[in-house]
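To keep things clear, I will list the structure first and then write my remarks on it.
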Amino acid sequence: MTPENFIATKASEAINSLYNKHVDAASLQVQVTRKEFEGDYTLVVFSLSRFSGSTPENTGKAIGEWMSSNVPEISAFNVAKGFLNLSFSNVYWNGLFSEIVSDANFGNLPSTGRKIMIEFSSPNTNKPLHLGHIRNNLLGDSVSKLLRACGNNVITSTLVNDRGVHICKSMLAWEKVGNGETPESSGKKGDHLVGDYYVAFNDIYKKEVESLIAGGMPEDEAEKNAPSLLEAHRMLVAWEHNDKQVRDLWAKMNSWVLKGFDETYKALGISFDKTYFESRTYLLGKELVRKGLDMGVFVKDPDGSVWCDLTDDGLDRKLLLRGDGTSVYITQDLGTAEKRFSEYNLDEHVYVVGDEQNYHFQVLKLILKKLGFPWADNIYHLSYGMVELPDGKMKSREGTVVDADDLIEQMYETAKETSLESGKLEDMSDEDKEKLYHMIGLGALKYFIIKVDPKKTMLFNPKESIDFNGNTGPFIQYTHARIMSILRKADEKGISRDLSCLKSDLPLTQKETRLIKLLNSYPSKVAEAGEALSPALIANFAYDLAKEFNQYYHETPILKESFPDLLSGRLILIDTVASVLRRAMGILGIGLPDRM
RNA sequence: GGUUCGGUAGCUCAGUUGGAUAGAGCAACAGAUUUCUAAUCUGUGGGUCCAGGGUUCGAAUCCCUGCCGAAUCACCA
């Protein structure tokens with residue numbers, strides 16, 4: 001039981017005993033006491049005057065007196081306005097501390113038996129990943145780990161958008177001006193190579209449009225009739241008709257891109273349990289359209305196109321099948337959702353997709369509901385805002401896109417520079433150093449992005465992101481490294497860390513009870529974050545804990561003086577801090593080094 | 001125009017089911033290193049929580065109106 005629940009329960013008993021009124025413990029408000037007041041937890045008593053018929057102050061006093069004489073764990077109380085501040089005894093904190101230490105599975109919630117699929121990343125195979133994808137990938141990866149920590153069976157998946165006219169554009173440009181260039185022959189990473197031809201296509205296209213306009217064609221018509229664009233469309237049709245030459249080229253270039261993506265994912269420390277390819281799923285959903293027509297939830301227009309009328313729900317009419325019978329994006333999504341739920345027997349499905357698709361997912365859910373699927377309510381769109389740069393939005397046309405690989409490299413380099421400046425790693429092997437630079441650089445990047453509320457448009461300042469102070473990943477990594485350093489030193493000195501020293505009368509300083517309080521709140525923080533699909537909550541928790549530890553570290557000579565039991569108890573405490581930091585940062589996908 | 005989401009310190013962001021004098025970091029300034037790692041810590045200054053109204057013991061938080069910003073409203077994906 002958490003301290004908050006404990007107090008609520010006891011307070012409910014107090015009210016029962018004092019005023020002979022029943023009040024549900026869950027309805028009572030208990031919060032952590034603010035720093036400037038004496039006490040550990042605070043019961044808000046304003047609303048309890050109705051039971052006592054007295055002022056909040058008197059009510060607080062009465063309940064406080066009852067608790068301090070009837071609840072041995074409560075050592076003191078004071079009342080300020082309508083707030084009853086309660087202090088726990090040293091015995092209680094020691095007990096709580098022992099519980100945390102002895103729970104090998106601390107912070108991992110019991111199994112829910114629920115199976116959840118989470119789809120994220122979902123890249124197009126015509127260009128490399130950029131900063132926007134990084135936010136997506138990091139969110140998806142950390143949320144999947146968070147849901148696992150919450151006791152769910154999680155399947156990570158990605159849907160590779162490997163077909164469509166945008167892919168044909170890269171292919172076409174490669175055919176025209178590529179001279180047979182390959183990743184091997186050019187030394188370029190596959191996704192970058194293909195991306196270059198996507199850019200090359202746009203150059204060709206732009207010139208064609210210009211010359212058509214110069215020849216007297218209106219702009220909008222020129223944009224539709226540029227020869228290369230028409231050619232790309234013909235290529236798409238050939239692809240759909242399984243034209244061998246087109247398919248071979250497509251398969252070859254896609255394999256380059258996918259290999260490039262794999263490297264980026266590996267550098268980010270991300271993997272998927274299941275990879276779907278749009279080229280194999282894009283025809284799904286037509287069955288559902290038929291079903292919807294039979295059920296009368298869809299309508300067919302005279303031209304043969306099929307629609308779902310959502311005007312009663314405050315939305316528009318949504319197209320599901322074109323007049324020629326071909327499907328559109330949402331048709332495919334309906335089909336894949338149905339397939340996944342039935343194939344995997346899912347309880348929930350989370351989609352990590354940018355907020356420009358909020359409307360799409362609103363519609364998707366609504367249509368699935370109209371089709372009568374009971375799981376339609378268990379679809380969550382984890383929507384995230386755009387990443388902007390100090391000089392504005394990223395625009396691929398203007399070349400202001402931050403490339404994922406470049407960024408990762410840049411973070412690594414900065415971590416390396418800063419580490420070299422500190423000069424603390426001279427005796428470390430080169431191999432370990434490389435690992436460490438990567439861990440720090442990536443930790444900085446991941447933490448910077450994950451700590452921001454997903455739905456907010458965020459500003460990414462490349463310079464500031466590589467800050468190793470303050471609320472950053474490296475700060476937490478550094479805190480961990482310091483703890484490990486102390487533990488190493490303790491081992492050298494032969495100081496034991498025997499759990500038997502944890503007796504109920506071990507004296508604790510205020511800073512130490514604060515640390516225990518924080519540690520103890522971790523499981524409920526995980527539950528809360530899992531509920532809200534918000535790894536940012538975990539990031540902020542980790543920072544709070546690291547900060548609290550650093551303050552403690554500064555004013556407490558951990559290895560100096562004191563009795564053996566006290567010394568041993570302190571070491572166990574900071575060891576537990578390190579272990580909870582590892583758990584929390586593990587959810588964010590951030591590694592913690594033993595030294596740095 | 002409709003819908004959805006944002007607006008908190010100079011900047012980047014927290015702020016729990018409505019609770020006490022709204023918090024961090026960065027930047028600025030002033031301090032602390034014979035140390036268990038100073039990549040740290042302490043202090044100072046900095047606020048019309050977009051504006052106005054409402055609900056109540058109590059509002060950054062909930063409701064209404066307005067202002068500003070973003071996304072979206074495709075036979076694109």
Side-chain angles (χ1 to χ4, degrees), chain A residues 26-27 29 31-37 42 44-47 49 55-56 80-83 85 122 124 161 163-166 278 282 301 303 305-307 313-316 318-324 326-330 332-333 354-360 362-363 383 385-386 388 390 393 415 418-419 421-422 424 440 448 451-453 455-461 464-465 467-472 474-475 477-479 481-490 493 521 524-525 528 532 536-537 539-540 543-544 547 550-560 570-571 574 595-596:
Chain A
S27 69
Q29 291 180 54
Q31 56 196 282
V32 175
T33 303
R34 296 181 67 114
K35 262 187 194 163
E36 55 270 34
F37 296 92
T42 297
V44 182
V45 289
F46 286 104
S47 60
S49 326
T55 62
K81 291 199 262 180
F83 300 93
N85 301 319
S122 303
N124 290 326
N161 297 301
R163 50 138 248 136
V165 73
H166 52 292
E278 200 202 336
Y282 78 108
D301 272 11
D303 68 348
S305 57
V306 179
W307 299 76
D313 301 283
L315 305 173
D316 298 320
K318 185 74 189 174
L319 179 83
L320 297 168
L321 277 186
R322 297 187 183 103
D324 62 6
T326 56
S327 57
V328 291
Y329 178 46
I330 196 158
Q332 179 194 159
D333 260 13
D355 61 7
E356 69 274 9
Q357 294 199 33
N358 285 352
Y359 181 76
H360 170 79
Q362 204 185 340
V363 169
S383 162
M386 204 174 293
E388 289 179 359
K393 281 181 198 170
T418 315
S419 295
E421 272 173 33
S422 81
K424 293 176 186 167
I440 296 172
F448 190 88
K451 76 172 180 191
V452 181
D453 181 0
K455 63 174 176 286
K456 284 192 173 175
T457 304
M458 72 173 286
L459 186 93
F460 183 81
N461 187 331
E464 283 177 21
S465 74
D467 200 333
F468 291 69
N469 293 310
N471 190 358
T472 64
F475 171 81
Q477 290 174 318
Y478 179 62
T479 303
R482 287 173 113 176
I483 293 177
M484 298 318 278
S485 166
I486 294 176
L487 295 178
R488 269 196 305 274
K489 194 132 291 185
K493 290 188 174 183
S521 71
S524 51
K525 193 58 86 175
E528 188 188 339
L537 292 177
N540 283 311
Y543 175 64
D544 286 346
K547 199 181 168 196
N550 273 303
Q551 290 170 4
Y552 172 60
Y553 179 91
H554 254 263
E555 64 183 49
T556 312
I558 295 168
L559 285 180
K560 300 276 166 67
R570 278 181 181 166
L571 290 174
I574 65 166
R595 50 173 301 197
M596 64 187 276

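Chain naming here is simple, since letters A, B, ... match the order of the sequence lines and numbering starts at 1 in each.
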Side-chain touch [X]/[Y], heavy atoms, less than 4.5 angstrom:
X: Tyr329(A); Y: His360(A); value: yes
X: Asp355(A); Y: Lys455(A); value: no
X: Arg482(A); Y: Asn550(A); value: yes

Nearest-0.5 Å distance, CG of residue Asp324(A) to OG1 of residue Thr326(A):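 So the gap between those two atoms works out to 3.5 Å.
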Give, for atom OG1 of Thr472(A) and atom CG of Asp467(A), the distance between the pair rounded to the nearest 0.5 Å.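 Reported to 0.5 Å precision, the distance equals 6.5 Å.
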Rounding to an integer number of angstrom, what distance separates [N] and [M] when you compare their [atom1] atoms?
N: U40(B); M: G52(B); atom1: C1'; result: 46 Å
N: G2(B); M: U17(B); atom1: C1'; result: 33 Å
N: G45(B); M: G10(B); atom1: C1'; result: 12 Å
N: A74(B); M: U12(B); atom1: P; result: 33 Å
N: G69(B); M: G31(B); atom1: C1'; result: 42 Å
N: C76(B); M: U72(B); atom1: C1'; result: 14 Å
N: G46(B); M: A38(B); atom1: C1'; result: 26 Å
N: G23(B); M: U3(B); atom1: P; result: 37 Å

Closest to the [X] side chain, choosing from [options]:
X: Ile486(A); options: U12(B), A14(B), U37(B); answer: U37(B)
X: Glu356(A); options: U12(B), U72(B), C76(B); answer: U72(B)
X: Met386(A); options: A71(B), A77(B), C36(B); answer: A71(B)
X: Ala481(A); options: U21(B), U37(B), C36(B); answer: U37(B)
X: Met458(A); options: A20(B), C13(B), A77(B); answer: C13(B)

Ignoring hydrogens and geometry, is there a side-chain-to-backbone donor-acceptor pair from [X] to [Y] under 3.5 Å?
X: Arg322(A); Y: Ser305(A); result: no
X: Asp301(A); Y: Asp303(A); result: no
X: Arg595(A); Y: Lys424(A); result: yes
X: Thr479(A); Y: Phe475(A); result: yes
X: Thr556(A); Y: Tyr552(A); result: yes
X: Lys318(A); Y: Val363(A); result: no
X: Ser419(A); Y: Ala415(A); result: yes

With the stacking rule set at 5.5 Å and 30°, tell me whether Phe83(A) counts as stacking on A20(B).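 Yes; centroid distance and tilt both under limits.
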How many Å lie between [atom1] on [X] and [atom2] on [N], as a whole number?
X: Leu571(A); N: C36(B); atom1: CG; atom2: P; result: 14 Å
X: Glu388(A); N: G69(B); atom1: CD; atom2: P; result: 13 Å
X: Gln29(A); N: G18(B); atom1: CD; atom2: P; result: 8 Å
X: Arg34(A); N: G19(B); atom1: CZ; atom2: P; result: 10 Å
X: Lys489(A); N: U35(B); atom1: NZ; atom2: P; result: 10 Å
X: Tyr552(A); N: C36(B); atom1: OH; atom2: P; result: 16 Å
X: Asn461(A); N: G10(B); atom1: CG; atom2: P; result: 18 Å
X: Arg595(A); N: C36(B); atom1: CZ; atom2: P; result: 16 Å

Using both distances under 3.5 Å as the test, list the Watson-Crick or G-U wobble partner of [N], or none.
N: A59(B); result: none
N: G45(B); result: none
N: U3(B); result: A71(B)
N: C26(B); result: G10(B)

Would you call the rings of Phe460(A) and Phe448(A) parallel, tilted or perpendicular, where under 30° means parallel and over 60° means perpendicular?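 Taking Phe448(A) first and then Phe460(A), their aromatic rings stand perpendicular (interplane angle over 60°).
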[X] near the nucleic acid: base, sugar-phosphate alone, or nothing, with a heavy-atom cut-off under 4.0 Å?
X: Ile558(A); value: base
X: Asn85(A); value: base
X: Thr42(A); value: base
X: Val44(A); value: base
X: Thr472(A); value: nothing
X: Glu36(A); value: nothing
X: Asp544(A); value: nothing

Quick check: on RNA chain B, is the nucleotide nearest Phe37(A) upstream (toward 5') of the one nearest Asp467(A), or the reverse? Name the residue that is more 5'.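 Between the two, 5'-proximity favours Phe37(A).
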Could you pick out which residue, Asp453(A) or Gln31(A), lies toward the 5' side of RNA chain B when each is mapped onto its nearest nucleotide?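 On the 5' side of the pair lies Asp453(A).
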With 3.5 Å as the limit, what N/O pairs link the protein to nucleotides 38-45 of chain B?
unit_1	atom_1	unit_2	atom_2	d
A38(B)	OP2	Arg482(A)	NH2	2.3
A39(B)	OP1	Lys424(A)	NZ	2.3
A39(B)	O3'	Asn469(A)	OD1	2.7
A39(B)	N6	Ser419(A)	OG	3.4
U40(B)	OP1	Asn469(A)	OD1	2.7
U40(B)	OP2	Asn469(A)	OD1	2.1
U40(B)	O2'	Arg482(A)	NH1	3.2
U40(B)	O2'	His554(A)	NE2	3.2
U40(B)	O2	His554(A)	NE2	3.0
C41(B)	O4'	His554(A)	NE2	3.4
U42(B)	OP1	Gln551(A)	NE2	3.1

Contact pattern, 5' to 3', of nucleotides 1-8 of chain B - B, S or - by protein heavy atom under 4.0 Å: ----SSSB
